[in-house]
Amino acid sequence: MNIYDFEVKDPKGNEVSLSKYKGKVLLVVNTATGCGFTPQYEDLEKLYRKYKDKGFEILDFPCNQFLNQAKGTDEEINSFCTLKYDTTFPRFKKCDVNGPNAIPLYKWLKSQKGGFITKAIKWNFTKFLIDRNGNVVARFSPTTTPDKIDSKVEKLLSHY
């Protein structure tokens with residue numbers, strides 16, 4: 001099993017097969033618009049623009065499970081991100097990443113790269129790096145900024 005086996009919902013509720021990203025390096029991030037880490041959107045967008053033409057995608061999954069920091073509708077979240085941070089990478093429907101209602105993608109991601117003590121996502125802006133074959137190669141904490149991931153993305157992109 002790899003990431004291409006999953007379907008997720010776009011902000012309008014339509015099913016999207018992640019197989020459409022086959023052959024790309026992916027960074028999957030659970031986000032929130034009212035978090036202390038929210039300014040990472042700016043650096044995520046820089047990373048995206050730097051590598052998107054080389055086969056890199058960032059997949060944004062807003063999540064309201066951490067102190068209700070992703071308030072609003074999917075449309076409001078998208079509007080905030082595009083207007084405040086000029087984001088252009090794909091954003092999906094707000095979802096749960098922990099607990100019984102966690103989407104299957106996040107259950108799988110956590111099973112591939114669990115945390116030190118628990119596999120649970122601890123906070124907004126936890127990041128999973130996926131290679132071109134759809135395998136999880138790294139998990140990064142919310143405090144790991146996108147610039148610290150840059151060299152790892154570049155290395156995966158060069159192995160094609």
Side-chain angles (χ1 to χ4, degrees), residues 1-35 37-38 40-41 44-45 47-49 51-66 68-82 85-115 118-142 144 146 149 152-153 156-157 159-160:
M1 179 170 256
N2 63 39
I3 198 164
Y4 309 129
D5 296 319
F6 292 93
E7 288 191 350
V8 294
K9 292 187 179 189
D10 71 13
K12 294 183 179 182
N14 300 311
E15 292 287 333
V16 176
S17 172
L18 293 182
S19 65
K20 77 182 268 183
Y21 298 105
K22 199 167 200 160
K24 296 190 176 212
V25 172
L26 306 174
L27 188 66
V28 179
V29 187
N30 66 297
T31 61
T33 53
C35 173
F37 295 116
T38 300
Q40 284 189 25
Y41 269 122
L44 285 168
E45 183 62 24
L47 189 67
Y48 181 62
R49 289 181 188 206
Y51 293 118
K52 71 177 182 174
D53 293 336
K54 296 177 182 176
F56 176 63
E57 292 285 346
I58 294 175
L59 307 183
D60 178 358
F61 290 87
C63 177
N64 199 37
Q65 286 189 290
F66 305 100
N68 298 313
Q69 294 181 338
K71 293 180 182 172
T73 64
D74 289 300
E75 186 177 295
E76 290 167 333
I77 290 168
N78 191 54
S79 191
F80 171 86
C81 294
T82 54
Y85 294 103
D86 195 27
T87 58
T88 58
F89 47 82
R91 184 166 298 104
F92 297 90
K93 188 164 192 57
K94 186 167 38 172
C95 65
D96 283 358
V97 298
N98 287 327
N101 296 322
I103 62 171
L105 170 64
Y106 265 87
K107 289 178 182 176
W108 177 76
L109 288 168
K110 293 183 296 185
S111 77
Q112 300 302 296
K113 292 287 181 189
T118 176
K119 291 183 184 225
I121 303 295
K122 291 189 169 70
W123 205 254
N124 305 308
F125 290 87
T126 297
K127 303 156 196 79
F128 290 89
L129 187 59
I130 315 294
D131 68 16
R132 290 185 187 268
N133 295 316
N135 303 306
V136 181
V137 295
R139 177 178 174 161
F140 302 98
S141 74
T144 303
I149 299 171
K152 291 169 180 54
V153 170
L156 286 176
L157 288 169
H159 287 89
Y160 191 56

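Using a 4.5 Å heavy-atom cutoff, the side chains of K127 and Q40 are in contact. Contact check for V97 versus T126: no side-chain heavy atoms found under the 4.5 Å cut-off. Using a 4.5 Å heavy-atom threshold, the side chains of F56 and L47 count as touching. At a threshold of 4.5 Å between non-hydrogen side-chain atoms, the residues N124 and P142 do not count as touching. A heavy-atom distance below 4.5 Å is not found between the side chains of I130 and N2. The closest side-chain heavy-atom distance from L44 to L27 is below 4.5 Å. A 4.5 Å side-chain heavy-atom check between E57 and P90 finds at least one atom pair inside the cut-off.
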For I121 and R139, run side chain to side chain contact (heavy atoms under 4.5 Å, CB included): C-alpha distance rounded to whole Å, both residues' side-chain angles, the deciding distance at 0.1 Å, then the answer.
CA-CA 10 Å; I121 303 295; R139 177 178 174 161; 3.7 Å; yes
Test K9 against E15 for side chain to side chain contact (heavy atoms under 4.5 Å, CB included), laying out the working first.
CA-CA 5 Å; K9 292 187 179 189; E15 292 287 333; 3.1 Å; yes
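The distance from the CG atom of L26 to the CG atom of N135 is 11.0 Å, given to the nearest 0.5 Å. With values rounded to the nearest 0.5 angstrom, Y48 atom OH is found 9.0 Å from L59 atom CG. Atoms NZ and CG, from K20 and L18 in turn, are 9.0 Å apart once rounded to the nearest 0.5 Å. Considering CG of N133 and CG of D131, their distance stands at 5.0 Å, rounded to 0.5 Å.
Residue K71 qualifies as open at atom NZ: its count of foreign heavy atoms under 6.0 Å is 12 or below. Heavy atoms from other residues, nucleotides or ligands lying under 6.0 Å from CD of E75 number 12 at most.
A pairwise comparison of heavy atoms in F89 and E45 identifies CD2-OE1, 3.1 Å as the closest pair. Looking at every heavy atom in both residues, I77 comes nearest to G72 through CD1-O, 4.0 Å. The two residues G134 and W108 have their closest heavy-atom pair at O-CH2, 3.6 Å. Shortest non-hydrogen contact noted between T33 and F80 is CG2-CD2, 3.3 Å. Closest approach of C35 and Q69 over heavy atoms only: CB-OE1, 3.2 Å. Of all non-hydrogen atoms in N30 and Y106, the two that sit nearest each other are N-OH, 3.2 Å.
Side-chain atoms of Q112 never come within 3.5 Å of backbone atoms of L109 as a donor-acceptor pair (strictly under, hydrogens ignored).
Every pair passing side chain to side chain donor-acceptor pair (under 3.5 Å) that includes a residue from residues 89-99 is listed here, sequence neighbours excluded: D60-R91, D74-K93, N78-R91, T87-R91, N98-K110.
No option in F61, F140, Y41, F66 other than Y41 meets the ring pair (Phe, Tyr, Trp, His ring centres under 6.0 Å) test with F125.
For S17, the side-chain hydrogen bond (donor to acceptor under 3.5 Å, both in side chains) partners at least two apart in sequence or on another chain are S19.
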